[in-house]
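Residue numbering restarts at 1 for every chain, and letters A, B, ... go by the order of the sequence lines. Everything quoted here is computed from the prediction, not taken from an experiment.
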There are 2 protein chains.
Amino acid sequence: MTKTKDSKTEHIILDAAKRVFQNKGMDGARMQEIADEAQINKAMLHYYYRSKQLLFEAVFKNAFALLAPQLNSILNDKSSVEEKIRNFTANYISFISKHPYLPTFIIQELNRNPDFVLQMKGKKGFPNIEKFKKQIDVEIREGILKPIKAEQLFINIMALNIFPFVASPLIKAFVNIDDKAFKQLVEDRKTEVADFIINSIKA
Amino acid sequence: MTKTKDSKTEHIILDAAKRVFQNKGMDGARMQEIADEAQINKAMLHYYYRSKQLLFEAVFKNAFALLAPQLNSILNDKSSVEEKIRNFTANYISFISKHPYLPTFIIQELNRNPDFVLQMKGKKGFPNIEKFKKQIDVEIREGILKPIKAEQLFINIMALNIFPFVASPLIKAFVNIDDKAFKQLVEDRKTEVADFIINSIKA
DNA sequence: ATATTTGTTAACCATATGGTTAAACTGAAT
DNA sequence: ATTCAGTTTAACCATATGGTTAACAAATAT
């Protein structure tokens with residue numbers, strides 16, 4: 001059994017760091033807490049990841065890499081706009097229900113350090129709107145869709161799908177519901193949101 | 001000139017604290033930085049606000065008090081649903097363009113400490129969906145609107161209006177635009193978003 | 001078997017940080 | 001002028017925190 005480059009410990013650390021950073025953010029997280037979470041000596045964190053900043057970046061990139069393909073599906077898939085919206089909405093909400101921390105974490109940390117996104121932008125697999133733009137224009141010309149800017153539509157799709165997870169404490173308070181009812185509301189959105197969007201843009 | 005209860009210094013501190021907390025969040029903010037920002041001795045912060053936590057709460061409540069009336073306008077005004085949506089969208093985007101930090105700050109800190117919202121919930125002026133719910137049901141019965149749950153519609157309105165500000169670094173990267181183009185995109189949303197929503201829900 | 005590299009630990013260090021204190025200053029009331 | 005409450009400052013304190021080190025253990029190579 002050859003030793004894998006990523007040691008077991010290294011993985012345990014990343015996993016613990018994920019949990020802590022996702023809950024507390026970069027500023028709120030403590031190296032000792034990550035070590036405790038991993039049931040490991042604090043020095044190991046530095047042994048494998050050198051610094052808090054680098055450990056954080058590993059976690060962030062990991063999280064981003066999980067999210068990006070989701071968005072690419074709506075930007076680059078071959079199906080029609082309507083199909084894409086229906087698929088994306090259902091899939092995305094399922095996906096995030098399994099990782100409810102993800103969008104909040106990414107958005108929070110990107111606001112803390114907007115330059116961070118520039119580092120990602122170059123890499124392949126980074127979501128890009130160009131293909132989607134062309135597709136929208138084609139479907140408008142074909143009379144399938146009402147005129148709308150692809151940028152605005154894309155923002156709307158993102159907003160309707162992501163926002164409820166980012167703002168859940170606020171929504172729960174305003175709508176005056178508990179966790180269970182909120183979960184049901186989100187579940188309903190798997191079709192609600194797609195209908196809402198398509199209603200609006202279909203010619 | 002009688003001395004006002006709120007001293008000048010107290011106000012200067014709150015103002016500086018706003019700027020720092022909004023940019024760095026509770027965890028990222030430093031008392032020394034706030035003192036520097038206010039050009040004042042650090043001990044004054046404790047003299048007037050006792051602790052970082054209390055100073056933070058003052059800032060947070062202040063921010064929340066600014067945001068709440070905006071949401072109440074859509075929940076409690078007398079006009080028709082369509083009018084409300086058009087007004088709210090235009091007003092809200094104008095409002096936030098002047099306070100771009102607000103939604104991100106509130107959402108971020110509420111996620112850090114969800115119990116915080118419960119403390120606000122009791123107070124009068126806290127946004128509540130009940131009236132809006134009834135209005136939606138009436139307009140559906142009258143055939144003005146297609147059937148939709150008030151909760152979902154409210155979430156959609158919030159999402160479409162608030163999300164672009166919360167996720168601006170992400171959006172700028174995906175849509176591949178600079179600050180100026182983003183500002184224009186947001187400006188366009190003052191009518192875009194209302195049209196998008198009304199398109200979808202009007203019978 | 002022995003040397004060498006890799007992994008792990010406890011103790012330690014420098015600095016940052018929220019908070020305190022005691023003395024000094026200010027301006028108005030006596 | 002003196003008192004007195006409210007305000008401001010510099011110095012200080014205890015603790016938390018990210019990071020390092022040196023010794024030790026386990027695995028791997030020679």
Side-chain angles (χ1 to χ4, degrees), chain A residues 1-63 105 108-109 112-113 115-116, chain B residues 1-63 105 108-109 112-113 115-116:
Chain A
M1 199 158 287
T2 59
K3 192 177 39 170
T4 38
K5 200 191 171 188
D6 301 323
S7 77
K8 197 179 160 188
T9 310
E10 197 173 340
H11 186 258
I12 289 174
I13 291 173
L14 191 67
D15 233 54
K18 258 188 219 176
R19 270 167 278 154
V20 175
F21 277 128
Q22 282 147 12
N23 284 316
K24 308 274 179 102
M26 170 66 169
D27 293 331
R30 296 290 159 249
M31 292 298 266
Q32 187 58 60
E33 191 183 349
I34 296 172
D36 293 347
E37 180 76 26
Q39 301 191 47
I40 224 171
N41 190 289
K42 180 165 71 86
M44 297 307 292
L45 305 183
H46 292 96
Y47 180 77
Y48 283 104
Y49 290 91
R50 212 173 164 79
S51 70
K52 186 184 181 185
Q53 178 64 25
L54 287 175
L55 177 53
F56 171 79
E57 285 176 20
V59 169
F60 185 89
K61 280 171 190 165
N62 209 284
F105 173 66
Q108 184 185 138
E109 297 302 328
R112 207 179 49 88
N113 182 5
D115 296 335
F116 217 63
Chain B
M1 198 159 288
T2 58
K3 194 175 39 168
T4 39
K5 200 192 170 189
D6 299 325
S7 79
K8 199 179 158 187
T9 311
E10 197 173 338
H11 187 256
I12 290 174
I13 291 172
L14 192 66
D15 234 52
K18 257 187 220 176
R19 271 168 277 153
V20 175
F21 276 129
Q22 282 149 13
N23 284 315
K24 309 274 179 102
M26 170 66 169
D27 293 331
R30 297 288 160 249
M31 292 300 266
Q32 188 58 58
E33 192 183 350
I34 295 172
D36 292 346
E37 179 78 26
Q39 301 190 47
I40 225 171
N41 190 289
K42 180 165 71 88
M44 299 303 288
L45 306 182
H46 292 95
Y47 180 76
Y48 283 104
Y49 290 92
R50 218 178 156 75
S51 71
K52 184 184 182 185
Q53 177 65 25
L54 287 174
L55 177 55
F56 171 79
E57 286 177 20
V59 169
F60 186 88
K61 280 171 189 164
N62 209 284
F105 174 66
Q108 183 185 139
E109 295 303 327
R112 206 180 48 89
N113 182 6
D115 296 335
F116 217 62

TODO: Give the nucleotide from the list D:dA10, D:dG19, C:dG18 with an atom nearest to the side chain of A:Ser51.
DONE: D:dG19
TODO: Indicate whether the side chain of A:Ser7 and that of A:Tyr48 have a donor and an acceptor atom separated by less than 3.5 Å.
DONE: yes
Task: Donor-acceptor pair present, B:Lys52 side chain and C:dG19 base, under 3.5 Å - done: no
Task: Interatomic distance, A:Met44 CE vs C:dA10 C1' [rounded to whole Å] - done: 13 Å
Task: Rounded interatomic separation in angstrom, taking OH from B:Tyr47 and C1' from C:dG18 - done: 19 Å
TODO: Verify, without hydrogens or angle tests, whether A:Lys24 (side chain) and B:Asp27 (backbone) share a donor-acceptor contact under 3.5 angstrom.
DONE: no
Open item on the list: Measure NZ/B:Lys42 against P/C:dA16 and give the value in whole Å, please.
Closed with: 13 Å
TODO: Have a look at A:Tyr48 and say if it touches a base, only the backbone sugar-phosphate, or nothing, with a 4.0 Å heavy-atom cut-off.
DONE: sugar-phosphate
TODO: For A:Arg30 and for A:Ala43, find the nucleotide of DNA chain D with the closest heavy atom, then tell me which residue's nucleotide is more 5'.
DONE: A:Arg30
Task: Nearest-angstrom distance from the residue atom CD of A:Gln39 to P of C:dT8 - done: 14 Å
Task: Sugar-phosphate, base or nothing in reach of A:Ala35, heavy atoms under 4.0 Å - done: nothing
TODO: Is it possible for you to check whether A:Arg112 lies under 6.0 Å from the centre of the six-membered ring of A:Phe56, through NZ or CZ, and within 45° of that ring's axis?
DONE: yes
Open item on the list: Under 4.0 Å, counting only non-hydrogen atoms across every strand here, what does A:Met31 touch: a base, just sugar-phosphate, or nothing?
Closed with: sugar-phosphate
Task: Nucleotide D:dT17, atom C1' - distance to CG of A:Asp27 in whole Å - done: 13 Å
- [ ] Quickly work out the B:Leu55 CG to C:dG19 C1' distance and round it to whole Å.
- [x] 13 Å
TODO: Specify whether B:Phe60 and B:Phe116 have parallel, tilted or perpendicular ring planes, treating 30° as the upper limit for parallel and 60° as the lower limit for perpendicular.
DONE: perpendicular
Task: Between D:dG6 (C1') and B:Lys8 (NZ): distance, integer Å - done: 16 Å
Task: Candidate nucleotides C:dG18, D:dT20, C:dG7, ranked by approach to the side chain of A:His46 - the nearest - done: D:dT20
TODO: Give a yes-or-no answer on whether the side chains of A:Asn113 and A:Glu109 include a donor-acceptor pair shorter than 3.5 Å.
DONE: no
